[in-house]
Protein chains: 2
Amino acid sequence: MENDHILLDRALELFSRRGYDAVGVQEIVESAGLTKPTLYHYFGSKRGLLEALLKRESGHLLTAIVEAALYQGDLVLTLERVVRAYFSVAKQHSTFYRMQLGMYFSPPESETYHAVWPFAREQREILEGVFIHAAEDHGNLRGRHTRYAVGFLGQINAVIGLYLNNEISLDDLRVYELVHQFMHGIYS
Amino acid sequence: MENDHILLDRALELFSRRGYDAVGVQEIVESAGLTKPTLYHYFGSKRGLLEALLKRESGHLLTAIVEAALYQGDLVLTLERVVRAYFSVAKQHSTFYRMQLGMYFSPPESETYHAVWPFAREQREILEGVFIHAAEDHGNLRGRHTRYAVGFLGQINAVIGLYLNNEISLDDLRVYELVHQFMHGIYS
DNA sequence: ATAATACTATACCGTTCGGTATAGTATGTC
DNA sequence: GACATACTATACCGAACGGTATAGTATTAT
């Protein structure tokens with residue numbers, strides 16, 4: 001295994017558990033069994049390490065939801081695929097998901113917020129695309145794509161937040177519940 | 001104005017903009033026109049300052065939603081009051097709301113997460129109480145109070161997140177939309 | 001007048017921060 | 001054999017970190 005990959009793995013583990021600011025460069029290289037010049041050779045700075053990490057790990061999530069978000073006439077089916085994609089990444093890459101979720105809500109002038117913002121926007125645009133397409137079939141959705149995308153993502157992340165705190169599991173029933181509630185409310 | 005209040009105000013401003021870890025004690029006291037021994041006299045440690053800050057500011061939010069969450073037979077009405085309470089605090093204390101939202105999603109071994117956790121749990125319990133009470137009138141809600149509380153809070157925070165990024169405003173229409181969608185889904 | 005209490009400034013503690021200058025050691029090319 | 005390239009360790013940089021010992025200055029109670 002290459003040393004740059006080892007560094008990224010260790011940084012991901014430490015950042016997701018304790019946060020970017022609370023983890024020093026020294027600790028990362030020690031945990032990787034290397035020294036600082038190696039890290040600075042590959043990434044140039046601590047910020048560069050963070051950006052390389054986000055770039056590598058976001059790939060999983062973005063490709064998964066791009067594929068899932070292909071709208072082909074059935075909104076429920078599409079949303080279920082999207083939720084399943086999110087759940088799948090949250091389960092297989094839970095440390096990364098925890099990290100990017102925390103960074104999305106980090107303060108607006110922090111390094112982490114600026115670093116994660118492009119990837120967060122991309123996620124939202126993909127979801128907005130679903131609702132924009134669906135509005136061609138369901139006129140009453142028109143003009144509310146941002147609202148829906150944000151609200152839907154908010155619910156997904158609320159559920160994944162519970163999963164990351166070991167309060168629930170992420171299974172097919174949970175997918176159905178989430179989408180059904182989003183589409184039809186809580187009574188039915 | 002007392003010096004301890006000045007310190008809390010400056011800490012709130014700085015933490016909410018750049019994050020707890022990224023702001024040093026020195027910067028806080030300089031911004032307050034004071035020196036470090038004053039801060040350590042009142043709060044004992046940086047962590048103590050954070051906890052005092054959360055305690056002071058959470059009061060606004062908790063009293064507001066406790067009052068709003070009184071269920072008296074009309075779930076829609078109660079939820080609208082709750083959303084209005086959240087929106088009101090988010091508008092009047094936007095720096096605090098941003099801070100506590102970020103801390104709720106901060107890494108699980110960070111100081112900020114541990115400090116904010118008791119207040120987050122209290123919020124959720126209040127909301128769960130609404131759905132537990134409502135289930136006495138609407139049997140099909142029974143046993144899903146956690147799910148609903150978390151999902152509802154997720155949607156509220158998603159919308160407030162948009163507001164904090166200056167993408168939307170928080171008005172009565174937005175309250176209606178949020179509750180209506182939660183209750184009846186997106187089609188109606 | 002005196003003593004106790006509450007508060008605040010100066011100056012400092014040891015440690016850690018992100019980052020780097022220097023000196024290597026491999027590996028492959030010509 | 002000479003040389004460039006890629007990578008990594010030792011040892012260090014100045015600055016900032018959270019926190020404190022000491023010495024005060026007001027205010028209050030006795």
Side-chain angles (χ1 to χ4, degrees), chain A residues 1-56 99 102-103 106-116, chain B residues 1-56 99 102-103 106-116:
Chain A
M1 203 173 195
E2 303 294 335
N3 285 340
D4 52 347
H5 281 66
I6 298 177
L7 286 168
L8 288 176
D9 287 345
R10 303 314 301 150
L12 172 59
E13 174 70 20
L14 291 167
F15 288 165
S16 74
R17 272 174 37 194
R18 307 219 319 278
Y20 175 80
D21 285 312
V23 175
V25 172
Q26 186 67 42
E27 188 176 0
I28 297 170
V29 296
E30 271 173 17
S31 138
L34 299 166
T35 55
K36 284 203 274 187
T38 303
L39 188 152
Y40 282 87
H41 169 75
Y42 284 113
F43 305 109
S45 66
K46 190 188 180 187
R47 170 76 181 261
L49 170 69
L50 172 64
E51 281 168 4
L53 180 54
L54 281 170
K55 201 166 185 175
R56 186 186 74 165
M99 192 188 77
M103 289 180 175
S106 60
E109 294 180 22
S110 63
E111 284 188 48
T112 51
Y113 181 79
H114 286 114
V116 87
Chain B
M1 199 173 196
E2 302 296 334
N3 284 340
D4 52 347
H5 282 66
I6 298 177
L7 286 167
L8 288 176
D9 287 345
R10 303 315 302 150
L12 171 59
E13 174 71 20
L14 291 167
F15 287 166
S16 74
R17 272 172 40 195
R18 307 218 318 278
Y20 175 80
D21 285 311
V23 175
V25 172
Q26 187 68 42
E27 187 176 0
I28 297 169
V29 296
E30 271 173 16
S31 140
L34 298 167
T35 55
K36 282 202 275 186
T38 303
L39 188 153
Y40 281 88
H41 169 75
Y42 285 112
F43 305 108
S45 66
K46 190 188 180 187
R47 170 76 180 262
L49 170 69
L50 171 64
E51 281 168 5
L53 181 54
L54 281 170
K55 201 166 186 176
R56 186 186 75 165
M99 192 188 75
M103 289 180 176
S106 61
E109 294 180 22
S110 64
E111 283 188 49
T112 51
Y113 181 80
H114 286 113
V116 87

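Proteins come first, then strands; the chains are lettered A, B, ... in the order of their sequence lines, and each starts at number 1.
Nearest to the side chain of B:K36, among D:dA9, D:dA6, D:dG18, sits D:dG18. If you check C:dA9, D:dA9, C:dC17 against the side chain of A:T38, the one that comes closest is D:dA9. Residue A:H41 places its side chain closer to D:dC7 than to any other of C:dA9, D:dC7, D:dA9. Closest approach to the B:P37 side chain among C:dA6, C:dA9, C:dG19 is made by C:dA9 (side chain taken as heavy atoms from C-beta onward).
We find that CZ of A:R47 is positioned 14 Å from P of C:dG18, with the value rounded to whole Å. Between the C1' atom of C:dC17 and the CD atom of A:E27 lies a distance of 12 Å, rounded to the nearest Å. Distance, B:Y42 OH to C:dA9 P: 10 Å, rounded to whole Å. Here the P atom of nucleotide C:dG19 and the CG atom of A:L7 are 14 Å apart, to the nearest Å. What separates CG of B:L39 from P of D:dT20 is a distance of 12 Å, to the nearest Å. The distance from atom NZ of B:K46 to atom P of D:dC17 is 8 Å, rounded to the nearest whole Å. Atom-to-atom, CG of A:L49 to P of C:dG19 comes out at 10 Å; the value is rounded to the nearest Å. Distance CD (A:E111) to P (C:dC17): 15 Å, rounded to an integer number of Å.
If A:G44 and A:A22 are placed on DNA chain C by their nearest nucleotide, the residue sitting closer to the 5' end is A:A22. Each of B:Q26 and B:D4 was matched to the nucleotide of DNA chain C holding its nearest heavy atom; the match closer to the 5' end belongs to B:D4.
At the phosphate of C:dT20, neither OP1 nor OP2 sits under 4.0 Å from any side-chain N or O atom of A:Y40. The side chain of B:T35 places no N or O atom within less than 4.0 Å of a non-bridging phosphate oxygen (OP1 or OP2) of C:dT10. Distances shown here put every side-chain N or O of A:S45 at or beyond 4.0 Å from the OP1 or OP2 atom of C:dG18.
In this structure, B:V29 reaches neither bases nor backbone, as no heavy-atom distance under 4.0 Å exists between it and the strands shown.
A salt bridge does not link A:K46 to A:D21: none of the charged side-chain nitrogens sits closer than 4.0 Å to a carboxylate oxygen. Between B:E51 and B:K55 there is no salt bridge, since no side-chain N of the basic residue sits under 4.0 Å from a carboxylate O of the acidic one.
Here CG of A:D9 is found 12.0 Å from CD1 of A:I28. Values are rounded to the nearest 0.5 Å. From B:M103, atom CE reaches atom NE2 of B:H114 across 13.5 Å, with rounding to the nearest 0.5 Å. With rounding to the nearest 0.5 Å, the separation of CG in B:L7 from CG in B:L12 is 12.5 Å.
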